[in-house]
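A short worksheet on the structure shown next.
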Amino acid sequence: MSVTIPSAETPCPCTSGRAFSACCGPFLTKSSEAPDPVSLMRSRYAAFACSEPEYLVRTLHSTHEGLEAGEKVLEQRIAIACRKYKYRGLWILDSAPPDAEGTAEVLFFAKVYESGKDKSFVERSKFKHDGTGWRYVDGLLAEKKDLTVDPKALKLDTFAQMVA
Ligand SMILES: [Zn+2]
């Protein structure tokens, strides 16, 4: 599954502008765990962009409902999503540190296309640390086409008002 893993000096697929080896590379190649929810978010976007379903399943929190189908089935589903979309950019818009239950939030805008059609979206993702690393719990998503404001101008509080 690692055929598309970029080489060390390639710009990171999370579009940070940094080299892959100095950004999400160490997380995708399992040499270290993402140190915080924003880093994990970036690395998961990079994993979608370079088709790494195994990493995407490994970084799910055990409570993620997709896991009910079993890891292998989920990996196949994610692999289809990886191929279906073109990942053109990631903007981290806002984040909130862990609350009393340990849940941290990240709001991001992902620029994605499906067969040339703009399928970009804003998502508020929830993350929890499981003792090994930060893991993706779930997310609330709003497609760009359904938003009446500039998606990149949203923050956690304004996003919450929009989707309420
Ligand atoms: Zn990166």
Side-chain angles (χ1 to χ4, degrees), residues 1-62 64 66-67 71 74-98 102-114 116 118-144 150-156 159:
M1 278 300 187
S2 301
V3 284
T4 48
I5 279 278
S7 64
E9 295 315 310
T10 308
C12 191
C14 82
T15 69
S16 62
R18 285 182 288 165
F20 184 62
S21 60
C23 194
C24 302
F27 315 139
L28 265 68
T29 55
K30 295 186 188 174
S31 52
S32 61
E33 286 281 345
D36 54 70
V38 169
S39 305
L40 182 71
M41 172 56 234
R42 298 203 78 92
S43 69
R44 286 180 50 85
Y45 181 88
F48 271 108
C50 60
S51 202
E52 279 295 312
E54 205 186 303
Y55 182 77
L56 290 160
V57 170
R58 188 168 72 81
T59 53
L60 289 176
H61 194 265
S62 58
H64 189 276
L67 288 168
E71 288 192 12
L74 189 56
E75 270 184 30
Q76 284 160 11
R77 283 183 196 161
I78 293 172
I80 291 166
C82 290
R83 281 196 299 268
K84 196 163 140 190
Y85 299 107
K86 298 265 178 270
Y87 297 85
R88 293 290 185 241
L90 172 69
W91 286 261
I92 303 291
L93 306 175
D94 203 3
S95 62
T103 305
E105 292 185 334
V106 178
L107 186 75
F108 66 91
F109 174 59
K111 202 170 163 185
V112 298
Y113 289 85
E114 181 191 3
D118 192 349
K119 294 278 183 178
S120 301
F121 62 90
V122 175
E123 186 183 311
R124 181 184 67 196
S125 292
K126 294 191 175 186
F127 298 91
K128 261 186 166 174
H129 202 286
D130 70 354
T132 304
W134 284 99
R135 301 292 179 246
Y136 177 72
V137 177
D138 60 22
L140 184 63
L141 189 147
E143 279 194 60
K144 184 187 161 197
D150 175 7
K152 288 182 203 161
L154 288 167
K155 296 286 171 197
L156 281 166
F159 180 76

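Remember, it's 1-based here, ligands and their atoms both numbered in the order they're listed.
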*Taking side-chain hydrogen bond (donor to acceptor under 3.5 Å, both in side chains) as the test, write out the residues that go with Arg42, two or more places apart.*
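Counting only residues at least two positions away or on another chain, Arg42 forms no side-chain hydrogen bond (donor to acceptor under 3.5 Å, both in side chains).
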*Non-neighbouring partners of Glu123 that pass side-chain hydrogen bond (donor to acceptor under 3.5 Å, both in side chains), sequence neighbours left out*: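 Once residues adjacent in sequence are excluded, the partners of Glu123 under the side-chain hydrogen bond (donor to acceptor under 3.5 Å, both in side chains) criterion are Ser125, Tyr136.
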*Where is the tightest heavy-atom contact between Lys152 and Leu93, given as atom of each residue plus distance?*
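For Lys152 versus Leu93, the nearest heavy atoms are O-CD2, 3.4 Å.
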*Which pairs count as ring pair (Phe, Tyr, Trp, His ring centres under 6.0 Å) when at least one residue sits in residues 10-47, sequence neighbours excluded?*
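Every ring pair (Phe, Tyr, Trp, His ring centres under 6.0 Å) pair that includes a residue of residues 10-47, provided the two are not neighbours, is Tyr45-Tyr87.
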*Phe109 vs Trp91 aromatic rings, parallel, tilted or perpendicular, using cut-offs 30° and 60°?*
tilted
*Can you check whether Arg135's main-chain N or O pairs, donor with acceptor, with Thr59's side chain at less than 3.5 Å?*
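No: the side chain of Thr59 does not pair with the backbone of Arg135.
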*Spell out the protein N/O/S atoms under 2.8 Å from the Zn ion (ligand 1) as residue plus atom name.*
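Listed by chain and number, the atoms are Cys12 SG, Cys14 SG, Cys23 SG, Cys24 SG.
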